[in-house]
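Written below as structure tokens is the structure these notes are about.
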Number of protein chains: 2
Amino acid sequence: MADPADRALAALGPGRDAAARRRHADNLAGLLRAMAAHGRERDDPVRTVPALLGDRWSSLVMNLLAGGMLRHGELRRLIGAVSSEGGISQRMLTLKLRLLERDGLVARGITAETPPRVEYALTALGAEAHAHYLALLRWTEAATPAIRAARAAFDAGNGPGPRAG
Amino acid sequence: MADPADRALAALGPGRDAAARRRHADNLAGLLRAMAAHGRERDDPVRTVPALLGDRWSSLVMNLLAGGMLRHGELRRLIGAVSSEGGISQRMLTLKLRLLERDGLVARGITAETPPRVEYALTALGAEAHAHYLALLRWTEAATPAIRAARAAFDAGNGPGPRAG
DNA sequence: CTGTATCCAAAATGATACTG
DNA sequence: CAGTATCATTTTGGATACAG
């Protein structure tokens with residue numbers, strides 16, 4: 001009764017049958033083990049990496065770098081040309097590139113030419129992360145009709161207010 | 001020369017060789033085709049679904065619902081017990097549940113008992129989305145040592161300021 | 001060209017009080 | 001118990017000016 005999963009399980013209402021409680025107990029145990037294994041801090045990779053896929057620019061940056069190394073200005077212009085929702089600000093691009101670089105997903109290098117050029121490229125780790133993004137994207141593309149249908153149904157029948165099921 | 005990929009390609013600097021330009025052209029063509037196929041709007045599924053995995057609560061909610069249906073209050077208490085970074089506010093939980101419900105990833109139902117109980121459960125679509133989250137999570141867990149090492153290296157050697165490569 | 005600093009706007013989240 | 005409304009706070013993103 002002293003272990004965390006049991007304590008968490010106390011959050012369940014009394015209306016649960018034994019099978020449901022067991023299912024939730026297993027699920028909670030897994031969650032708590034995962035939380036204990038890697039940190040719960042805000043900047044832990046298990047939080048920041050999924051966040052990359054959700055933020056406005058990181059996945060697009062990785063997408064463009066998947067085509068080969070690019071300079072800061074090239075990235076900025078390409079994003080402006082592709083995103084069609086207003087380009088990225090110089091500040092944000094620098095910020096996102098730093099974050100990606102810090103996590104080892106993007107590499108920054110200066111060529112030996114004159115004048116020197118600052119180039120960004122995906123690392124092997126970054127390519128793997130990007131592959132996961134592409135997998136999710138493909139699923140989402142396939143699921144989009146179903147999602148749109150769900151939205152239409154929700155917006156039609158279930159307005160605001162306390163709905164009666 | 002009038003097609004969008006060619007126009008976007010103009011963002012590339014003059015220093016690119018033919019092979020690099022071809023690679024980027026292919027990459028850009030794919031991106032632009034995808035952008036044209038589904039919308040670029042902020043609430044398009046291809047944007048909101050990846051955002052779900054990145055926001056602070058949605059994936060956790062799906063994770064808990066993966067253990068079986070749960071009530072609003074149960075979810076709230078379980079999140080408080082598991083998240084250990086402060087629980088979710090009632091408002092945010094309602095908001096996130098509505099969003100998930102609207103996209104057809106979570107189903108809301110009222111049981112026929114007395115008193116009636118409002119229950120939330122993962123839909124088949126939601127279970128698929130959650131599976132993608134788990135896949136990404138597993139990869140991130142495996143990659144965490146590499147990411148931590150990259151962060152340590154970055155924080156050590158490359159301070160702020162114009163770094164000399 | 002790359003990058004930083006500063007200030008500002010918008011969005012996400014939380015706290016609290018309230019309704020049915 | 002489920003849900004809404006309102007307000008404060010935090011986070012994220014953008015505009016602009018500036019430095020090397």
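Numbered from 1 within each chain, the chains take letters A, B, ... in sequence-line order. Predicted model only: the values in this text are computed from it and were never measured. Below, each value reflects all heavy atoms present in this structure, side chains not excepted, and no hydrogens, waters or symmetry copies.
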For nucleotides 12-18 of chain C, which of its nitrogen or oxygen atoms have a protein nitrogen or oxygen under 3.5 Å away, and what is each distance?
unit_1	atom_1	unit_2	atom_2	d
C/dT13	OP2	B/K96	NZ	2.9
C/dT13	O3'	B/R56	NH1	3.3
C/dG14	OP2	B/W57	NE1	3.0
C/dG14	N7	B/R91	NE	3.4
C/dG14	O6	B/R91	NE	3.1

Separation of B/R98 atom CZ from D/dA2 atom P, in whole Å?
11 Å
Min side-chain heavy-atom separation B/W57-B/L93 under 4.5 Å:
no
Taking ring pair (Phe, Tyr, Trp, His ring centres under 6.0 Å) as the definition, give me every residue that meets it alongside B/H132, ordered by chain and number, with sequence neighbours left out.
A/W139
Protein-nucleotide distance (B/L12, atom CG; C/dC1, atom P), rounded to Å:
13 Å
Is the closest side-chain heavy-atom distance between B/R23 and B/N27 below 4.5 Å?
no
State, without any angle test, whether A/R151 and B/T48 hold a side-chain donor-acceptor pair at a distance under 3.5 Å.
yes
C/dG3 OP1/OP2 closer than 4.0 Å to side-chain N/O of A/Y120
yes
Applying salt bridge (Lys or Arg N to Asp or Glu O under 4.0 Å), which residue pairs with at least one partner in residues 46-74 of chain A are found, sequence neighbours left out?
A/R47-B/E85, A/D55-A/K96, A/R56-A/E85, A/E74-B/R16
For A/L60 and D/dG13, give me the distance from atom CG to atom C1', rounded to whole Å.
15 Å
Quick one, B/T94 and B/H72 - any side-chain contact, counting heavy atoms below 4.5 Å?
yes
Nucleotide D/dA2, atom P - distance to CG of B/L93 in whole Å:
9 Å
Euclidean distance, atom CG of residue A/L97 to atom P of C/dT2 [Å, nearest integer]
10 Å
Nearest to the side chain of B/R42, heavy atoms from C-beta on, is which of C/dG3, C/dA11, D/dA2?
C/dA11
